[in-house]
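Only a predicted model underlies this, so the values are computations on that prediction, with no experimental measurement involved. Only heavy atoms go into these numbers, but all of them, side chains included; no hydrogens, no water, no symmetry mates. Protein chains get the first letters and strands the later ones, always in sequence-line order, with residue 1 at the start of each.
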2 protein chains.
Amino acid sequence: MEAARRVLEAEGPSALSLRAVAREAGVSPAAPYHHFKDKAELLDAVAHEGWEMLQLAMIEAKARTDRSQHLTALGIAYVCFARDYPALYRVMYDAARDKEALPMDVEDANPENGNAYCMVRDTMIEHGADPSAETHLELATVAAWCGAHGLAEMAGFKQFQHLKDELGGERAFLDAVFRHMGLFPTQAHDC
Amino acid sequence: MEAARRVLEAEGPSALSLRAVAREAGVSPAAPYHHFKDKAELLDAVAHEGWEMLQLAMIEAKARTDRSQHLTALGIAYVCFARDYPALYRVMYDAARDKEALPMDVEDANPENGNAYCMVRDTMIEHGADPSAETHLELATVAAWCGAHGLAEMAGFKQFQHLKDELGGERAFLDAVFRHMGLFPTQAHDC
DNA sequence: TTCACATCTGAGCGCTGTACAGATGCCATT
DNA sequence: AATGGCATCTGTACAGCGCTCAGATGTGAA
């Protein structure tokens with residue numbers, strides 16, 4: 001799995017073949033099959049690690065931010081994670097799409113925080129959402145998650161470079177878009 | 001390209017190999033290379049058709065909806081397109097990510113409407129956005145696009161099935177999420 | 001000492017994207 | 001009518017891929 005992570009970071013997701021991972025690990029092409037049923041299972045495992053990393057990044061972002069800015073901080077941390085590990089982020093969502101499910105069972109990294117999705121929901125409550133209005137709460141969480149994911153995928157596109165320039169950098173751009181989503185209070189610090 | 005579309009719809013994006021397309025078209029595996037530089041160029045062409053189709057769907061949605069509901073209608077049409085052509089939608093964004101750019105040059109289908117992205121911006125203006133505040137306008141457009149794209153990718157996930165059930169169907173769910181995004185006025189009709 | 005088990009190898013199958021030399025058929029020019 | 005250029009297609013080939021399987025190796029428990 002370390003080999004897989006190295007290949008992914010160095011060569012991108014399209015180069016992440018079982019054989020390449022085996023080469024990187026210095027073993028024969030058949031060796032990985034004694035640890036993973038097939039390629040998809042290896043990718044699942046890599047993706048799982050990715051969700052753990054994302055959760056840790058979000059925990060950290062929350063920890064170093066004012067309570068009033070927690071939601072924005074989570075959004076920013078989310079988008080920055082996707083920017084810093086684009087290949088991994090893609091593997092994570094490719095696996096999710098194949099299963100038609102977000103991996104809401106990732107709680108290994110820091111169980112008391114549940115998982116990344118739960119963190120968003122809990123932060124909604126912190127910000128005044130009514131926890132007894134479950135449907136409403138979950139809709140708000142989904143909406144925020146959609147916004148963050150959408151922005152994560154758009155933020156790297158060249159068309160929006162001029163917006164970053166006009167607004168004074170990437171961070172200002174992300175803040176501004178989140179503000180326009182109407183879900184997030186605004187202005188925190190670096191990511 | 002017809003063969004490519006057929007393979008894509010029938011077998012999904014992972015089965016969309018040049019050789020499969022050639023087989024479907026009844027031609028040798030080398031034949032496509034006289035029309036496309038490589039596989040990526042074929043996929044680009046397929047993706048381009050996809051953006052045209054999306055634009056047409058959005059034009060139609062706008063045409064059959066009250067002016068006050070145009071923005072929601074676009075969002076719903078967008079998400080429904082992604083639901084109805086999931087393989088094509090994936091090819092479209094795979095190509096976009098490779099280029100790190102949305103194809104904002106797709107204006108063939110209906111030039112007077114520009115393209116899908118422009119339609120969203122124009123509809124923002126219809127709804128009262130100030131066209132002279134260009135940065136603000138574009139941020140609002142980006143935010144809406146991000147929300148729609150995010151929802152398009154999430155809407156099929158199993159975790160949210162119970163929300164659809166509780167709210168009385170997929171359409172109600174989409175409406176509700178859009179409402180929570182704060183960008184969209186609400187309630188239109190079918191898609 | 002023996003046996004079970006986890007791990008790994010090497011060869012091999014059918015698939016893929018891509019390259020290239022040559023065939024075919026059509027269209028414009030002479 | 002004959003010629004030549006050009007677009008299109010074929011057949012073959014190569015390296016790389018996911019995956020399978022029979023057998024080798026080593027390690028810990030009985």
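At whole-Å resolution of the value, CZ in A:F36 and C1' in D:dT20 are 18 Å apart. Separating the CG atom of A:L16 from the C1' atom of D:dG16 is a distance of 15 Å, rounded to the nearest angstrom.
Contact annotation for B:S28: base contact, defined as any heavy-atom pair under 4.0 Å involving a base atom.
A donor and an acceptor atom, one from each side chain of A:S132 and A:D130, are located under 3.5 Å apart.
Using a 4.0 Å cut-off between charged nitrogen and carboxylate oxygen, B:R171 and B:D175 count as a salt-bridge pair. With respect to the salt-bridge test (charged N to carboxylate O, under 4.0 angstrom), the residues A:R6 and A:E11 do not qualify. A salt bridge links B:K62 with B:E126: the distance from a Lys NZ or Arg NE/NH1/NH2 to an Asp or Glu carboxylate oxygen falls below 4.0 Å. Electrostatic pairing of A:R64 and A:E60 counts as a salt bridge here, judged by a charged N lying under 4.0 Å from a carboxylate O.
Position along DNA chain C of the nearest nucleotide to A:R19 versus A:H35 favours A:H35 as the more 5'-ward residue. For A:S17 and A:H34, each mapped to the nucleotide of DNA chain D holding its nearest heavy atom, the one lying further toward the 5' end belongs to A:S17.
Mapping heavy-atom proximity under 4.0 Å, the span of DNA chain C touched by chain A runs 5' to 3' from C:dT7 to C:dG12.
Across D:dT20, D:dG11, D:dC19, the shortest atom-to-atom separation from the side chain of A:K39 is found for D:dC19. Taking every side-chain heavy atom of B:A30 into account, D:dT10 is the closest of D:dC21, D:dT10, D:dC19. Closest approach to the A:R23 side chain among D:dG18, D:dT10, D:dC17 is made by D:dC17 (side chain taken as heavy atoms from C-beta onward).
Remark: A:R97 engages A:D94, B:E153 in a salt bridge (Lys or Arg N to Asp or Glu O under 4.0 Å) (not counting sequence neighbours).
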